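Everything numeric in this text was worked out from a predicted model, so none of it was measured. Within every chain, numbering begins at 1; the chains are lettered A, B, ... in the order of the sequence lines, protein sequences first and strands thereafter.
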2 protein chains.
Amino acid sequence: MPRPEPTPPSPYPMPFTRVETVTLSLMEARLRVLLVRRAAAPFAETWALPGGVLRIDRDASLEAAARRVLRERLAVDAGDLQQMETVGGAQRDPRAPWTLSVVYRALVPAGSLVPVPGKRVREVAWFDVDHELPSRPLAFDHGPLIARAVARLRADVARLELPLGALAPTFTLGELQAWCEQLLGRNLDKSSFRRRLAERDLVEALPGERREGPFRPAQVYRAREATPHD
Amino acid sequence: MPRPEPTPPSPYPMPFTRVETVTLSLMEARLRVLLVRRAAAPFAETWALPGGVLRIDRDASLEAAARRVLRERLAVDAGDLQQMETVGGAQRDPRAPWTLSVVYRALVPAGSLVPVPGKRVREVAWFDVDHELPSRPLAFDHGPLIARAVARLRADVARLELPLGALAPTFTLGELQAWCEQLLGRNLDKSSFRRRLAERDLVEALPGERREGPFRPAQVYRAREATPHD
DNA sequence: TAGGTTAGTTGCAAAGTAACACTAAGTGCG
DNA sequence: CGCACTTAGTGTTACTTTGCAACTAACCTA
């Protein structure tokens, strides 16, 4: 076994490293992003993405860091968590000479989060990504980060790479379609939606079971486990 | 103008931050990746991606850091440079307690690079991503990083989001198709390739000009400038 | 029993794609 | 001169995917 060298890792200063989260959810049938209003400079009083400093003493990985930030700052478990992009440079944040932010997109189940202000945060609120955000100036480079995260989520959903982690454990196909439609912000065709679902094997029927409405009951499904198809 | 605070940025230790490059090129009609053979532990004698430490005193941005690494270590200008993903964690590299690597994919024009060994590198070589790589063990987590970068490149090319920066300044449609075919590792249909090219407006004919073979001359094209289509 | 609502399927037309054949334009050779 | 060969570029046709809409099924209520 090669003995790890005790060499000091590097004489170079390292960037101020953070994790930012684009936290999305469906509320009242609209896709919304959670923002916090900053209490301190820079960008005091401006809305920003919730984020936090990477804690190498506590976070085992980048994804773990993103989960910790969501848990600590927002008290929410990210159902689906995807890394988006990493931005870094000398001029991003006046608090440090060089900052690096790894951006994660979190999709959380509807109603899993009651926004409460915390440290360094005046206010927490959800914003409709299509109707409320475009006009609003955001702190740092957070505006384009959100736009790209939303675009990528919608591209994923459009080709049925669904963030199933943020979905209820069981669901009917009608519910699944409505959920996709709300994420996309447009309607889908029922028959081709079902056809495309069947081609991939994303979901499986829970045999025998069904669920109530005042109308015809529907088959209940659940997400199939990640199938390494080969 | 809000005065930047002189606050010390953070009491937290920051991760050992690097940039790794998945440097790809077409050589002898095959997609190849440039690897270096490590001279020192850990993973001495093992092939690895070329990379370097982020130098916040010299790099204005992450992309600039990737360009510097390519220039200093490989003496090559990246025609097309795309950020792939960022990996980080406590157990990645025994040289530091916590390392973070931002991975870039570079596609360089064929023959723009003569591989020369340098510091901490025994050997430099190109490997066919389809035939030589899968069997070969690589240092760190570099194997999956390459696989994902290649898959993403091919997905991009398949839907004609072409890394035009790595292309010759002018070309014929036949050359462009052959280039895509070599990147993808499979053949494309001529007529639908041209039809799909025409729908997007990726290329434009250089009017009047044409170029020689021993056969019928072809129209010369060039890449259209990034058109913000709205 | 009729009517309303959602679940689920079927048929068809429109659009997009792949396979292949065809014409066009140049070179070289008999 | 004209034919064979090669690459450039276009049409034609068949197939696959998608969107639209109609239809049946199941359940409730009145």
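One interatomic measurement links the two molecules: CD of B:E175 to C1' of D:dG9, which rounds to 15 Å at whole-angstrom precision. For the pair B:R194 CZ and C:dA18 C1', the interatomic distance rounds to 16 Å; values are reported in whole Å. Nucleotide C:dA7 holds its P atom 12 Å from the OH atom of A:Y221, rounded to whole Å. Atom CG of B:L176 is separated from atom P of D:dA8 by 12 Å (rounded to the nearest Å). In this structure, A:L173 atom CG and C:dA7 atom C1' are separated by 9 Å, rounded to whole Å. Regarding B:L188, its CG atom lies at a distance of 8 Å from the P atom of C:dA18, rounded to whole Å. The nearest whole Å value for the distance from the CG atom in B:L160 to the P atom in C:dG16 is 15 Å.
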Scoring nucleotides 18-28 of chain D by protein non-hydrogen atoms under 4.0 Å (B base, S sugar-phosphate only, - none) yields BBBB---BBBS
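B:A78 and B:V108 get closest at one heavy-atom pair: CA-CG1, 4.2 Å.
Side-chain atoms of B:T99 and B:R92 include a donor-acceptor pair closer than 3.5 Å.
The backbone N or O of A:L26 lies less than 3.5 Å from no partner atom in the side chain of A:R30, so there is not a single donor-acceptor pair.
Judged as a salt bridge (Lys or Arg N to Asp or Glu O under 4.0 Å), and not counting sequence neighbours, B:R152 has no contacts.
The side-chain heavy atoms of A:L153 and A:L183, taken from C-beta on, include a pair separated by under 4.5 Å.
Crowding of A:D77 atom CG: a count of heavy atoms from other residues, nucleotides or ligands under 6.0 Å not exceeding 12.
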